[in-house]
Novice: 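So that we are looking at the same thing, I have put the structure below in structure tokens.
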Amino acid sequence: MRRRPIIGTSLAVVVAMSLAACGGDGGGEDSKTVRVTLVNHVWTENIKKVLPEFEKQSGLTVEVTQLGEDQLSDQYNVKLNAGSDDLDVMMYRPLQEGKLFAKNKYLADLSERVKSDSAFEIGDFQAGPMQATTYEDNIVGLPIITEQEVLYYRKDLLTKSGFTAPPKTLDELKAQAAKIEADNPGVAGFVARTGKAAAVTQFSSFLFSFGGDFVDASGKATVNTEQAKQAYAYYGGLLRDHGPENISTDMSWSEAMAIFTQGKAAFYTEANSLYKNATDPTKSKVVDSVGFAAFPAGPAGSKPYNIPSWALGVNDSSENKDNAWKFIQWAAGKEQALAQQTAGVPGARTSVWANPASTATLPKDLAEANTVSTANGVGHDRPLVVKVAQAREIVGQPIVDAITGKDAASSADTANAAFQKFLDDEAK
Amino acid sequence: MSAVLTPRTDSPEAPAASVDTTSAWSRWANDHRKWLFAAPAMAFVAVLIIFPVAWTGYLSLTDAEGSVRAESEFIGFQNYLDVLTDTDRFWPAVWRTVLFTGVVLFFEVILGMAIALLLWRPFRGEKWVRVAILLPLVATPVAVGMMWRLIFDPNIGMANQLLGWIGIGPQPWLAGQHSALPTTMFIDIWQWTPMVVLILLAGLTSLSDEPQEAARIDGASSWQRFRHVTLPLLMPTVIVAVLLRGIDALKTFDILYATKGRGGGSFHEVETLNVYAYGLSFDYNDYGVSSTVLIIFFLIIIGVMWALTYRKKGLGR
């Protein structure tokens, strides 16, 4: 029996069907959609509520992908490395990934678009945050959220222990934490992040307030200066002596915040942008007693960080840059910036900060703390390098060593040598 | 089509003429159809297995970092030299990988065997017990990790509250530098013992009753029947279970990531080879070194697979 010559025909059909399947809206220049990747954040929740307004006025459809911080970072790593064009607008962390993304040319240069739009008013953005989203004189992102570190505290516990005001200095913080802990068995005097990398950003305000920094003006590692050693010993010692009973060295903000909002700690230093976790009755047991204060002063004064935590950028491989820019124009524009700040998310626009309405809905003491922190703030909360994650692990080691009772000063010396080698390698 | 298939009767040359009208491509395709049908599978293997492994092998010989699209330099076996002499992160990670795999395998096989023997004979409520035992297996490992992370939270977790009720002080569980690895092993054993139960139970139910009967008539005790009859007959199935779980345990990532996060904790206390390679890629963007670790890891897995398969063949003879 003869073979039926059907194989060639079948293959041709399969190929034709495959090619036909490749059609559709690929998000090119004529696309009516814009694909936006956002992180889980109050800002994102706020913006999602008003997206229909943008879709109506622009005629575009917004496709939102929302991820946790780590997952967002991993997705960028994979997709941007592969040169994928299915990301248009990216919410990213200027201080964490900004340099890496810009160096790898993942972020489109928005300078021309920004400067040609007078209504957007680029001069309205604070200088520090704009510096963090500018790479080699090109604007590669627009800051949308800023953060300052403040002191969260329990008013009721302070009153019970006879204190009339929250601590103004780090010495007072330690004394009040010790007294409250002694007066209230089962309640820690102080809680904060303890994870090696996670703690670095919040530890930075302690470091600055003791007069230290991660790197000096000439670019040399400075995590073993006398000031830095004191800061490590203070932060680690405070958590070791007055932290939660079974303290771990893995806590990020979510674990530390859970301890505070469950009523198991008196003081907590954290970013102001997370305040709603403590004032939302569905999340917090201390809604009625939570208070906010400016970061306590150390030997060098009160020097909390004041940083741009999130920005919007455009994927350089996107073929949909015009629509991506339309979204950023709207989301980072004056109107949305005011709405976000009024809803409790601090932004980077000077005009919004100058408008009393923008902070009218915040708790009064938090608004005051924000004002102080913004005035005294330092523009970074981690080493400003390309491989930030690796640098955080190095400079964070003395924090966990101090918490676990090891010699913080000797650990700082070891960390400094490793950090200097890291800086030298990166400079090559 | 009928013109092609139906032989024409007006001329004896007709069938040959109809074949001539078929294109050369169709005839070639017809002659090689066994290869053409296998082509999609071969392409699948090439694209999804051979290419990534080859690409990883190539990256391991370069100093690629930051972006895999950026220019990188061919540096030969320098990465291998660096990694194999790294006693700070690499060798501790190898040790943890071996320890984790060995301990969980040991307990999963012992517990799996015990539970499978209990479930072997019918009993009242058997179905419910089987469902309950298999429940951990159907949960996503990341969700399992998150759940145990909450239970084992040293301050607000349920585990320490339960211990408190029976008068035992709080334990650090996942938070402790030395207790974290054993705790993750416990979670893995909790989740994957049911899989071993499933495999061994399938093996047990397929065994013939006659050798058991003979041993019983000869007066062998339960232990003697298990030791000298059941276990030797079940050995090939045990090796299959060890092979499957062993490879899986070597590669464990999600439970470790979900419970201790990146880097396997602040002191890298649960950092296995997989977690280490992930951190090198996704945190440090050090693709050259990460690829080197993955290639070495790949070779270790191939070696273990070969050793176990060889042992299984030996038992099968």
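Keep in mind it's a predicted model, so treat the numbers as computed, not measured. Within every chain, numbering begins at 1; the chains are lettered A, B, ... in the order of the sequence lines, protein sequences first and strands thereafter.
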Novice: Counting only heavy atoms not in A:Lys406 (residues, nucleotides, ligands), do more than 12 fall under 6.0 Å from its NZ?
Specialist: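 Yes, NZ of A:Lys406 has more than 12 neighbouring heavy atoms, counting only those of other groups under 6.0 Å.
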Novice: Against A:Asn77, only a single residue in B:Val68, B:Asn285, B:Asp283 fulfils side-chain contact (heavy atoms from CB on, under 4.5 Å); can you say which?
Specialist: B:Asn285
Novice: What are the two closest non-hydrogen atoms of B:Pro154 and A:Asn246, and how far apart are they?
Specialist: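 For B:Pro154 and A:Asn246, the tightest heavy-atom pair comes out as O-ND2, 3.0 Å.
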Novice: Answer with side chain, backbone, both or neither: which region of A:Asn81 has an atom nearer than 4.5 Å to a non-hydrogen atom of chain B?
Specialist: both
Novice: Flag yes if more than 12 heavy atoms outside A:Lys387 fall under 6.0 Å of its NZ atom; otherwise flag no.
Specialist: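 Yes, because the 6.0 Å sphere around NZ of A:Lys387 holds more than 12 heavy atoms from other groups.
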Novice: In terms of heavy-atom contacts, does CD of A:Glu245 have more than 12 from other residues, nucleotides or ligands at under 6.0 Å?
Specialist: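 No, because the 6.0 Å sphere around CD of A:Glu245 holds 12 heavy atoms or fewer from other groups.
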Novice: Can you tell me if CE on B:Met146 sees more than 12 non-hydrogen neighbours from other groups inside 6.0 Å?
Specialist: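 Atom CE in B:Met146 is not crowded, with 12 or fewer foreign heavy atoms closer than 6.0 Å.
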Novice: Are any of the side-chain heavy atoms of B:Phe267 and A:Asp401 separated by less than 4.5 Å?
Specialist: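 B:Phe267 reaches A:Asp401 side chain to side chain.
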Novice: Quick check for you: among B:Glu269, B:Gln171, B:Gln177, B:Arg149, which has the greatest number of heavy-atom pairs under 4.5 Å with chain A?
Specialist: B:Arg149
Novice: Nearest 0.5 Å, what's the OG-CZ distance between A:Ser73 and B:Arg262?
Specialist: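 Between A:Ser73 OG and B:Arg262 CZ, I get 5.5 Å after rounding to 0.5 Å.
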Novice: So does B:Met158 have more than 12 non-hydrogen atoms from other groups sitting under 6.0 Å from CE?
Specialist: no
Novice: Any chance you could measure B:His268, atom NE2, to A:Glu393, atom CD, to the nearest 0.5 Å?
Specialist: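 Going from the NE2 atom of B:His268 to the CD atom of A:Glu393 covers 5.0 Å.
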Novice: Where does A:Ser252 contact chain B at under 4.5 Å (heavy atoms): side chain, backbone, both or neither?
Specialist: neither
Novice: For a quick test of reading the model, state the closest non-hydrogen atom pair linking B:Gly66 to A:Tyr106 and the distance between them.
Specialist: O-OH, 4.1 Å
Novice: Quick check for you: among A:Leu100, A:Asp70, A:Ile259, A:Thr404, which has the greatest number of heavy-atom pairs under 4.5 Å with chain B?
Specialist: A:Asp70
Novice: Mark yes when over 12 heavy atoms from residues, nucleotides or ligands other than A:Lys103 sit less than 6.0 Å from its NZ; otherwise mark no.
Specialist: no
Novice: Would you check if the side chain of B:Ser266 reaches a backbone N or O of A:Thr249 as a donor-acceptor pair within less than 3.5 Å?
Specialist: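 Yes, B:Ser266 side chain to A:Thr249 backbone: donor-acceptor pair under 3.5 Å.
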Novice: So what's closer than 4.5 Å to chain B heavy atoms on A:Leu80: side chain, backbone, both or neither?
Specialist: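 Only the backbone of A:Leu80 comes within 4.5 Å of chain B.
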Novice: Let me confirm one number: the OG1-CG distance from B:Thr259 to A:Asp250, rounded to the nearest 0.5 Å.
Specialist: 9.0 Å
Novice: Is chain B contacted by the side chain of A:Val400, its backbone, both, or neither, given a heavy-atom distance below 4.5 Å?
Specialist: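 When you check distances to chain B, atoms from both the backbone and side chain of A:Val400 fall under 4.5 Å.
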